[in-house]
Amino acid sequence: MQDLLTAPLIATIAETAKATAEQVSKLLGPPTKAGMADLALPCFALAKGAGCNPAELAGNIASALETTHPGIQAQAAGPFLNITLTPAAVAQAIITPCLENPQRPLRSQLGDGKTICVDFSSPNIAKHLAFHHIRSTMIGNALAHLYDAAGWNTVRINFLGDWGTAFGRLIAGWKRENYSLNDLNSAEDKVTFLNELYVRISQAAKADETVMDEARAWSKKLEDGDSEARELWQIFKDASLTEFNRVYDLVGVHFDSWKGEAYYEDKMQPLLDELEHSGLLSVSDDATVVDLSDVGLKKPCLIKRADGGTLYATRDLTACDDRFAEFNFDRSVYVVDLGQSLHFKEWYAVAKKLGRSYADNLRHVGFGIVLMWDEENEKWARVATRNGVPMLLTDVLNESIERARAIIEEKNPDLPEAEKESVAKAVGMGAVVFNDLKNGRTNDVKFKFEDALNMQGETGPYLQFAHARLCSIERKFTDLHSDAPAANTALLTRTEEKDVLLHISRLQAALERAVDEDEPSVLASGLLSLASTVSSWLTAGNTDRSARVLCEDAAVSSSRLQLVRITRATLGEGLRLLGLGAPERM
RNA sequence: GCACUCGUAGCUCAGUUGGAAGAGCAUCGGCCUUCUAAGCCGACGGUCAGAGGUUCGAGUCCUCUCGGGUGUACCA
């Protein structure tokens with residue numbers, strides 16, 4: 001969208017610099033130093049082609065621009081060219097397209113016609129969604145929204161961990177303690193019920209070999225398709241999904257496909273046969289592997305255990321074939337922690353060796369772990385567990401919501417009770433979610449309640465607050481000017497107003513880069529910059545009444561209101577893309 | 001050992017094919033009979049871990065050193 005501002009200038013610059021329009025448009029962009037200008041052009045590379053030194057070229061372009069484009073300021077600052085546009089020109093270029101489509105600043109067509117699979121969240125059933133699950137869940141959710149906004153056809157996949165030896169134990173425990181469906185259904189939290197059962201039976205199995213034998217026997221029955229075992233497994237799975245969906249509903253996340261590991265359990269044979277015939281398989285220490293030393297990986301990819309059982313990589317390959325057959329994806333991303341980098345490298349390499357056409361379009365979107373401040377040892381450490389139970393995602397979210405509620409009570413006690421509730425939810429969750437998205441995803445998240453729930457500074461609530469202020473102005477406009485004249489972009493003459501529009505114009509590029517790099521933080525930063533200029537703009541009205549949107553001059557006020565609407569829509573949409581709510585009051 | 005990853009202000013972090021060192025928090029000082037102060041303005045704070053190299057130009061690319069983190073065969 002920034003091209004709407006640069007396009008009129010490029011021909012003159014290209015001509016003066018004896019360069020192509022493409023070369024110029026790549027270099028012409030926001031200045032690295034904020035506040036210096038609206039657009040900047042480093043002239044080093046262009047100077048070579050033009051046959052003069054960079055400073056000289058910058059000067060030449062500056063004078064050329066000032067003659068061809070009266071009204072704009074172009075100034076050489078050494079080898080840099082700084083361009084300052086008039087507020088009216090910026091307003092005219094940006095506002096019209098935003099009126100046609102309020103979502104325009106956060107839309108792109110780069111993905112049109114393409115399909116993306118996003119594999120994210122993917123918890124293990126019969127266990128809680130722990131706090132650390134927030135990373136895959138919210139990064140994946142944000143990415144799915146971003147791909148949608150960039151035109152992609154998006155498939156959200158929850159690859160449930162719903163298979164494994166744990167279920168043999170669980171069934172053995174269930175039988176041993178003689179439970180019925182009613183016991184499970186009357187439990188306050190079904191996953192807690194199952195989790196505690198699992199802990200008890202695991203302890204019993206340690207002490208008593210016959211318990212272990214029972215667990216093994218049930219594992220075997222489950223694998224062999226025994227109807228009672230399958231029925232119980234289904235009950236456990238349904239119970240887990242009920243609890244998961246409760247949390248997913250709370251955070252506003254949904255999925256298109258829930259095929260988990262169990263779904264692929266009996267579908268791996270064709271792949272195994274293909275691997276067999278391809279001659280890629282070899283036996284190493286009794287395990288069946290694909291050697292990857294020729295692609296720089298010392299460790300082979302393990303396909304089958306010594307006892308013939310299949311492994312993680314085999315299931316991922318099978319699932320990937322299935323997804324390609326079903327969705328014909330152009331890209332498939334796996335939002336999984338960085339600790340599993342090697343695993344993805346390995347099976348991606350096997351896919352490549354098998355000649356899969358999609359092999360180069362698989363991406364491991366890795367992320368760092370969640371660390372908490374360890375007071376005793378005075379260092380950052382992995383999230384501690386209490387008796388084997390990790391810190392729960394809902395516990396953290398609820399605490400955050402409580403804290404948000406207390407702040408609302410203090411700042412805005414007159415809000416209706418029901419609204420306080422919904423605002424507290426949006427703000428409390430926004431604080432935690434944004435804390436997870438604002439930095440590069442490969443960084444570890446360092447979580448301190450005091451920091452994450454400190455709602456000052458670069459936070460979700462900061463964005464939400466800017467949005468709420470804009471909403472508030474919209475609400476009050478008709479009280480002041482019930483019969484206002486039409487908006488006129490020429491009346492948006494303040495620098496603050498221009499800055500807001502400049503930041504809006506830069507968001508599309510942020511969206512595109514966020515998608516290209518699978519990096520929601522790029523958009524998060526862009527939104528923070530926008531919210532910052534918005535806050536400066538609105539706060540300037542505190543001391544200077546003529547700077548307010550709701551000022552005396554009805555025509556000016558009306559024009560500013562139009563900018564408020566556009567900005568509010570953009571901020572709201574940006575928040576939605578990241579997975580945050582955008583309350584109209586707070 | 002090998003692989004990956006990181007090292008930028010006291011803390012947490014940005015820094016887009018190499019092109020002008022930034023933000024928030026914390027500290028200190030200002031701004032409310034408020035278009036919502038969850039805000040704004042300002043000050044303070046840097047040998048970009050270190051050393052070489054490539055380049056007109058390096059926080060960014062290459063090599064090495066130091067220091068952290070993670071992974072490394074039948075769990076997922």
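Atom name C1', nucleotides B/C64 and B/G22: the rounded distance is 30 Å, in whole Å. B/C32 and B/C48 have their P atoms separated by 41 Å, with the value rounded to a whole Å. Comparing B/A26 with B/A21, their P atoms are spaced 28 Å from each other, to the whole Å. The separation of B/G69 from B/U27, taken at their P atoms, amounts to 30 Å, rounded to a whole angstrom. On the C1' atoms, B/A58 is 42 Å away from B/A73, given to the nearest whole Å. Here, B/C4 and B/U63 have their P atoms 11 Å apart, quoted to the whole Å. Remark: the separation of the P atoms in B/U16 and B/C62 is 15 Å, to the nearest Å. Only the P atoms considered, B/G59 is 15 Å distant from B/U8, to the nearest whole Å.
Among the nucleotides B/A76, B/U36, B/U12, the one closest to any side-chain atom of A/Ser472 is B/U36. Checked against B/U36, B/U12, B/A38, the side chain of A/Arg585 finds its nearest nucleotide in B/U36. Checking B/A73, B/A3, B/U36 against the side-chain heavy atoms of A/Pro300 singles out B/A73 as nearest. Closest to the side chain of A/Lys446, from the set B/C13, B/A38, B/G71, is B/C13. Candidate nucleotides B/A73, B/C13, B/C25 were compared by shortest atom distance to the side chain of A/Ser284, and B/A73 ranks first. The side chain of A/Arg469 lies closest to B/G39 when the candidates are B/C2, B/C13, B/G39. Side-chain proximity of A/Lys345 to the nucleotides B/C4, B/A73, B/A76 is greatest for B/C4. Taking the side chain of A/Thr543 as heavy atoms from C-beta on, and the options B/C31, B/A26, B/A38, the nearest nucleotide is B/C31. Minimum atom distance to the side chain of A/Lys299 is reached by B/U72, of the listed B/A38, B/U36, B/U72. Listed candidates were B/G15, B/U36, B/A73. Nearest to the side chain of A/Arg513 is B/G15.
RNA chain B is contacted by both A/Ser521 and A/Thr288; A/Ser521 maps to the nucleotide lying nearer its 5′ end (nearest heavy atom per residue). Mapped onto RNA chain B by nearest heavy atom, A/Val445 and A/Asp451 fall at different nucleotides, with A/Val445 at the one closer to the 5' end.
Between A/Phe167 and A/Trp233, the ring planes lie perpendicular to each other; the angle is over 60°, past the 30° to 60° tilted range. The aromatic rings of A/Tyr334 and A/Tyr348 are tilted relative to each other, their planes meeting at an angle between 30° and 60°. Ring pair A/His481/A/Phe477 is tilted by interplanar angle, where 30° to 60° counts as tilted.
By the salt bridge (charged side-chain N to carboxylate O under 4.0 Å, His left out) test, A/Glu56 pairs with no residue at all, sequence neighbours left out. Legend: residues meeting salt bridge (charged side-chain N to carboxylate O under 4.0 Å, His left out) with A/Glu276, ordered by chain and number and at least two apart, are absent. For A/Glu519, the side chain to side chain contact (heavy atoms under 4.5 Å, CB included) partners are A/Arg441, A/Glu517, A/Ser521, A/Val522, not counting sequence neighbours.
A/Val522 comes within 4.0 angstrom of no nucleic acid atom, judged by non-hydrogen atoms across all strands. Across all strands shown, A/Gly161 has no heavy atoms under 4.0 Å from either base or sugar-phosphate atoms. Note on A/Asp444: only backbone sugar-phosphate atoms sit closer than 4.0 angstrom, heavy atoms only; bases stay farther off. Among the heavy atoms of the strands, none lies under 4.0 Å from A/Ile369. Among the atoms of the strands shown, none is found under 4.0 Å from any heavy atom of A/Asp307. Here A/Asn439 lies in heavy-atom contact (under 4.0 Å) with sugar-phosphate atoms only. Among the protein residues, A/Val564 comes within range of no part of the nucleic acid, since none of its heavy atoms lies under 4.0 Å from any strand. Residue A/Leu311 is classed as a sugar-phosphate contact, given heavy-atom separations below 4.0 Å to backbone atoms only. Residue-level contact check: A/Gly440 touches the backbone only, with heavy atoms under 4.0 Å from sugar-phosphate atoms and none from bases. No contact: A/Gln464 has no heavy atom under 4.0 Å from any strand.
The closest side-chain donor-acceptor pair between A/Tyr312 and A/Glu346, if any, does not fall under 3.5 angstrom. Judged by distance alone, the side chains of A/His132 and A/Asp337 never bring a donor and an acceptor atom under 3.5 Å apart. With no hydrogens or angles considered, a side-chain donor-acceptor pair links A/Ser108 and A/Glu512 at under 3.5 Å.
Residue A/Leu342 contributes atom CG, which lies 9 Å from atom P of B/A73 at whole-angstrom precision. The interatomic distance linking A/Leu538 (CG) with B/C41 (C1') rounds to 15 Å, in whole Å. If you take CG of A/Leu110 and C1' of B/U16, they are 15 Å apart, rounded to a whole angstrom. Per the geometry, CG belonging to A/Asn443 stands 11 Å off P belonging to B/U12, to the nearest Å.
Classification of B/C40 as anti follows from a glycosidic angle more than 90° from 0.
Listed pair A/Lys476 / B/U36 meets the phosphate criterion, a side-chain N or O lying under 4.0 Å from OP1 or OP2. A/Asn124 has no side-chain polar atom (N or O) that falls below the 4.0 Å cut-off from OP1 or OP2 of B/C75. Applying the 4.0 Å criterion to OP1 and OP2 of B/C11, one finds that A/Trp380 has every side-chain N and O outside that range. Side-chain N/O atoms of A/Tyr334 include none lying less than 4.0 angstrom from OP1 or OP2 on B/A76. Between A/Ser536 and B/C41, a side-chain N or O to OP1/OP2 separation shorter than 4.0 Å is present.
For residues 281-294 of chain A, the pairs satisfying side chain to side chain donor-acceptor pair (under 3.5 Å) are A/Asp291-A/Ser293, A/Asp294-A/Lys353, with sequence neighbours left out.
Figure legend: A/Lys267 and A/Tyr263 shown as a cation-pi pair, the cationic atom lying under 6.0 angstrom from the six-membered ring centre and within 45 degrees of its axis.
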Secondary-structure string, 5' to 3', Watson-Crick or G-U under 3.5 Å, | for another-strand partners, for RNA chain B: (((((((..((((.....[..)))).(((((.......))))).....(((((..]....))))))))))))....
Quick one, A/Phe80 with A/Phe44, criterion ring-ring contact (aromatic ring centres under 6.0 Å, His included). Give me CA distance, side-chain angles, the key distance, then yes/no. CA-CA 8 Å; A/Phe80 292 89; A/Phe44 305 92; 5.5 Å; yes
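For the salt bridge (charged side-chain N to carboxylate O under 4.0 Å, His left out) test with A/Lys259, the passing option among A/Asp119, A/Asp322, A/Asp162 is A/Asp322; the others fail.
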Pairs under 3.5 angstrom, nitrogen or oxygen only, protein versus nucleotides 17-23 of chain B, please.
| unit_1 | atom_1 | unit_2 | atom_2 | d |
| --- | --- | --- | --- | --- |
| B/A20 | OP2 | A/Thr32 | OG1 | 3.3 |
| B/A20 | N7 | A/Thr32 | OG1 | 3.0 |
| B/A20 | N6 | A/Asn82 | OD1 | 2.4 |
| B/A20 | N1 | A/Asn82 | ND2 | 3.2 |
| B/A23 | O2' | A/Glu458 | OE2 | 2.4 |

